[in-house]
Amino acid sequence: MVIDEKKPEDYQGRPVRFFQLENDEGLKASLMSYGATLVSLYVPDRQGRIGDVVLGFDSLSGYLGPNPYMGATIGRYANRIAGGRFVLDGREYQLAKNDGPNHLHGGIRGFDKVIWQAEPFTQPSGVGVRFSYLSPDGEEGYPGNLSCQVTYLLANNSQLEISYQATVDRPTHLNLTNHSYFNLSAGARNNILDHELQILASAFTPVDKTLIPTGEIKSVAGTPFDFRQPVRIGERINQVDGGYDHNFVLDNKGELALVARVFEPDSGRQLDLLTTEPGLQFYSGNFLDGTIIGKSGKTYGPRSAFSLESQHFPDSPNQPHFPSTVLRPGQVFRSKTIFRFSTR
Ligand code: BGC
């Protein structure tokens, strides 16, 4: 087990820290304190050759340019809030509208664009970094001073665990996730259409044209959203307007459980996702348009990667029948998501 710190880079006069982690099995991850971001993740294929399965950039400057949240921690509210507005305890709050008429991924300067405090650690089960951030009252329009921790653990059982914890001094809404873009071929394939996906979700939340849930909890049966058995991502993607960008209502009942499995047949890499969260956004990289130049000069075109974002449902602050995203003083928000790797 190793944890190494690279030379920090400057961002607006403050240092951004970079960590390289390696577990006992030779899996490697790198993390940075800007956005509490997962920068790279090297896992073996069925021949034992390791390859980087997440998209991103070679240096901090790439992350500061046009960047659709690659590998970042998303908050205070992952995904969309309609009109950027909600009423909480009788008071109305207006957030930034940074996605057409809606608020997306925490606003103009969300948790992906701030520098987190970082504390590397080693423990018998693996190596990791604990990131902390104090989001002040009123930041991006959200009420309450929010103290937030995101802990990455690269464990010695082929798992990257991400644990979230938060407390607040006034009621607020909170929805945290990680926005990694995966391509399990580690760059050998330019799109993810041949990846096989399984999502243990019997329902999903249909959306309007601006990707806000209509409020309906719809059964996946007989729709292109039925991933209860493994299906090639490309199989039915053209039956979905614009491609997949939907929240799945997980069958996990709020317990840490396997909720999704992705298999890439050429490399044999398999990713299992476990989470305590009730929802999972499956985003098939529809808006990647080839204008972004990522790692090693590679351009990221449409569907060159997918995201599986464990989360509460989009627009929950305005949809009282969705699981609540309210966090109140005295409560401790806790959530865990695990990416587990294997080959077959
Ligand atoms: C959203 C997409 C969005 C992407 C990058 C995903 O979580 O669902 O609609 O384009 O993030 O911003």
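When a ligand or atom number is given, it counts from 1 through the structure's own listing order. Starting from 1, each residue takes its place in the sequence as its number.
By the criterion of a heavy-atom distance under 4.0 Å, neither the backbone nor the side chain of Asn286 is placed next to ligand 1. If you look at Tyr244 next to ligand 1, there are no close heavy atoms at all, none under 4.0 Å. The residue His246 has no part lying near ligand 1, judged by heavy-atom distances below 4.0 Å.
Two residues are said to be in side-chain contact when any heavy atoms from C-beta on lie closer than 4.5 Å; Asn190 and Lys298 meet this criterion.
Atoms of ligand 1 found under 4.0 Å from any heavy atom of Phe287 (numbered from 1 in listed order, with element): 9 (O), 10 (O). With ligand atoms numbered from 1 in the order given, ligand 1 contributes 4 (C), 5 (C), 6 (C), 7 (O), 11 (O) to contacts under 4.0 Å with heavy atoms of His179. Of all the atoms in ligand 1, the ones that sit under 4.0 Å from a non-hydrogen atom of Asn79 are 8 (O). Using a 4.0 Å cut-off to heavy atoms of Asp245, the atoms of ligand 1 that qualify are 1 (C), 2 (C), 8 (O), 9 (O). Less than 4.0 angstrom separates some heavy atom of Gln281 from each of these atoms of ligand 1: 8 (O).
Judged by the 6.0 Å and 45° rule, Arg236 forms a cation-pi pair with Phe227. For the pair Arg130 and Phe121, the cation-pi criterion (under 6.0 Å, within 45° of the ring axis) is fulfilled.
In summary, the aromatic rings of Tyr34 and Trp116 are positioned with their centroids too far apart to meet the 6.0 Å limit. Residues Phe225 and Tyr244 place their aromatic rings such that the two centres sit under 6.0 Å apart.
Residue contacts with ligand 1: Tyr69 is placed with no nitrogen or oxygen under 3.5 Å of a nitrogen or oxygen of the ligand (distance criterion only). Geometrically, ligand 1 and Glu309 share a nitrogen or oxygen pair separated by less than 3.5 Å.
Ring geometry for Phe204 versus His246: interplanar angle over 60°, hence perpendicular rather than tilted (30 to 60°).
The protein atom (non-hydrogen) at minimum distance from atom 3 (C) of ligand 1 is Arg80 NH2, 4.0 Å.
Between the side chains of Ser158 and Arg340, not a single donor N or O lies within less than 3.5 Å of an accepting N or O.
Residue contact check for ligand 1: Tyr181 places a non-hydrogen atom closer than 4.0 Å to it.
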Next item on the list: Would you please test Glu140 and Arg109 for salt bridge (charged side-chain N to carboxylate O under 4.0 Å, His left out) and show each step?
Entry: CA-CA 7 Å; Glu140 295 295 318; Arg109 190 165 168 271; over 6 Å; no
